[in-house]
Enquirer: 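Provided herewith is a single structure, encoded as structure tokens, for subsequent inquiry.
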Protein chains: 2
Amino acid sequence: MNERQPKIAFECCSPEALARGLAALSHPVRIEILRQLSGAEACCCKDVAGRLPLAQSTVSQHLKVLLEAGLLRVRPQAQRSNYTVDREALRALSAAISNLLSECTAAADASQIEKN
Amino acid sequence: MNERQPKIAFECCSPEALARGLAALSHPVRIEILRQLSGAEACCCKDVAGRLPLAQSTVSQHLKVLLEAGLLRVRPQAQRSNYTVDREALRALSAAISNLLSECTAAADASQIEKN
DNA sequence: ATCGTTCATCGTCGATATACGATGCAAGCC
DNA sequence: GGCTTGCATCGTATATCGACGATGAACGAT
């Protein structure tokens with residue numbers, strides 16, 4: 001039927017797509033939010049905001065960034081919005097990053113050896 | 001000004017430090033620069049600039065960002081500046097990222113199971 | 001129906017990022 | 001000595017980010 005991922009399966013091959021994923025992660029608050037959501041500590045905007053010295057609107061914006069990067073999913077539930085991490089997307093991003101970086105280190109190893 | 005040059009052991013434990021490393025990577029041009037430097041394609045600013053549709057000054061700034069993030073090393077050589085990727089730093093960053101993301105996916109797995 | 005709660009969005013503001021050309025410096029070449 | 005090359009930095013212009021308060025919508029509770 002539908003593909004397993006309703007959204008575009010996390011795209012991280014092109015430098016642009018990879019950079020987008022990295023940009024979403026490259027803020028301490030968003031890292032902390034990811035940690036909170038992945039634990040049982042928080043699941044909605046208010047919970048997260050209650051654990052951070054930030055206004056609710058600011059947290060909502062960070063959640064939006066993570067959501068648009070495809071790293072979170074949201075399920076409206078009563079007045080709340082229930083956020084969960086998208087494990088598949090995180091795995092894909094992690095793989096893409098370690099792929100990039102291991103390419104670089106491997107190639108660097110090779111050229112380093114050549115130059116010696 | 002330069003109190004502390006991040007030459008030594010890439011620091012990526014705190015969310016702030018990790019976010020700094022990710023921010024340095026989160027630009028398509030800088031990803032491309034890393035790729036070029038890690039191959040044998042380029043090693044100095046002019047080489048990189050010659051392969052990108054960017055001004056030399058812009059490339060120089062991107063190199064500076066990567067340098068200050070501790071992902072590159074530079075060795076002045078004649079008129080050139082010889083840039084090389086810091087393999088140790090890349091490995092440390094890669095490890096820190098995959099550590100963060102696997103923490104999140106693991107925790108998410110656990111809480112997902114609990115909730116079912 | 002009214003109130004309280006939760007959230008997303010808007011407008012704003014200052015800070016930062018990204019790009020460029022111009023300029024100056026250091027090193028090699030004539 | 002001049003000239004060229006390669007680079008970093010400065011100044012500047014524009015765009016985007018990150019934060020806030022205010023506001024309105026959606027919904028449950030009273």
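Please read these numbers as outputs of a predicted model, since none were measured by experiment. First the proteins, then the strands, lettered A, B, ... as listed; each starts at 1.
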Enquirer: Quickly work out the B/Lys64 NZ to D/dG6 P distance and round it to whole Å.
Expert: 22 Å
Enquirer: Starting at CZ of A/Arg30, measure out to CG of A/Leu37 and round the result to the nearest 0.5 Å.
Expert: 13.0 Å
Enquirer: Among D/dA8, C/dG28, C/dG21, which nucleotide has an atom closest to any side-chain atom of B/Ala55?
Expert: C/dG21
Enquirer: Mind checking if A/Leu63 touches a base, just sugar-phosphate, or nothing, with heavy atoms under 4.0 Å?
Expert: nothing
Enquirer: I need the CZ-C1' distance between B/Arg80 and C/dC25, as an integer number of Å.
Expert: 17 Å
Enquirer: Taking 4.0 Å as the cut-off, does a side-chain nitrogen or oxygen of A/His27 come that near to OP1 or OP2 on C/dA17?
Expert: no
Enquirer: May I have the distance from A/Gln79 (atom CD) to D/dT30 (atom P), rounded to whole angstrom?
Expert: 12 Å
Enquirer: OP1 or OP2 of D/dG6 less than 4.0 angstrom from a side-chain nitrogen or oxygen of B/Tyr83, does that happen here?
Expert: no
Enquirer: Roughly, in whole Å, what's the span from CD in B/Glu68 to C1' in D/dA8?
Expert: 12 Å
Enquirer: D/dA19 base to A/Gln61 side chain: any donor-acceptor pair below 3.5 Å?
Expert: yes
Enquirer: A/Ala55: what forms a side-chain contact (heavy atoms from CB on, under 4.5 Å) with it, not counting sequence neighbours?
Expert: A/Ser57, A/Thr58
Enquirer: Any donor-acceptor pair under 3.5 Å between the side chain of A/Thr58 and the base of D/dG18?
Expert: no
Enquirer: Starting at atom CD of A/Gln56, determine the distance to atom P of D/dA25, rounded to an integer number of angstrom.
Expert: 16 Å
Enquirer: To the nearest Å, give me how far apart CD (A/Glu16) and C1' (C/dT18) are.
Expert: 15 Å
Enquirer: Tell me the interatomic distance from A/Ile33, atom CD1, to D/dG18, atom P, rounded to whole angstroms.
Expert: 11 Å
Enquirer: Round to a whole Å and report the spacing from NZ of A/Lys46 to C1' of C/dG4.
Expert: 11 Å
Enquirer: At under 4.0 Å, does any side-chain N or O of B/Ser57 touch on OP1 or OP2 of C/dC20?
Expert: no
Enquirer: I'd like to check A/Cys104 versus A/Leu100 (side-chain heavy atoms, cut-off strictly below 4.5 Å). Are they in contact?
Expert: yes
Enquirer: Give a yes/no answer on whether the side chain of B/His62 brings an N or O atom under 4.0 Å of OP1 or OP2 in C/dA19.
Expert: yes
Enquirer: When rounded to the nearest 0.5 angstrom, what distance separates CG in B/Leu63 from SG in B/Cys44?
Expert: 9.5 Å
Enquirer: Mind checking side-chain hydrogen bond (donor to acceptor under 3.5 Å, both in side chains) for A/His27 and listing every partner two or more places apart, or none if nothing turns up?
Expert: none
Enquirer: So, OP1 or OP2 of D/dA8: does either fall under 4.0 Å of a side-chain N or O from B/Ser81?
Expert: yes
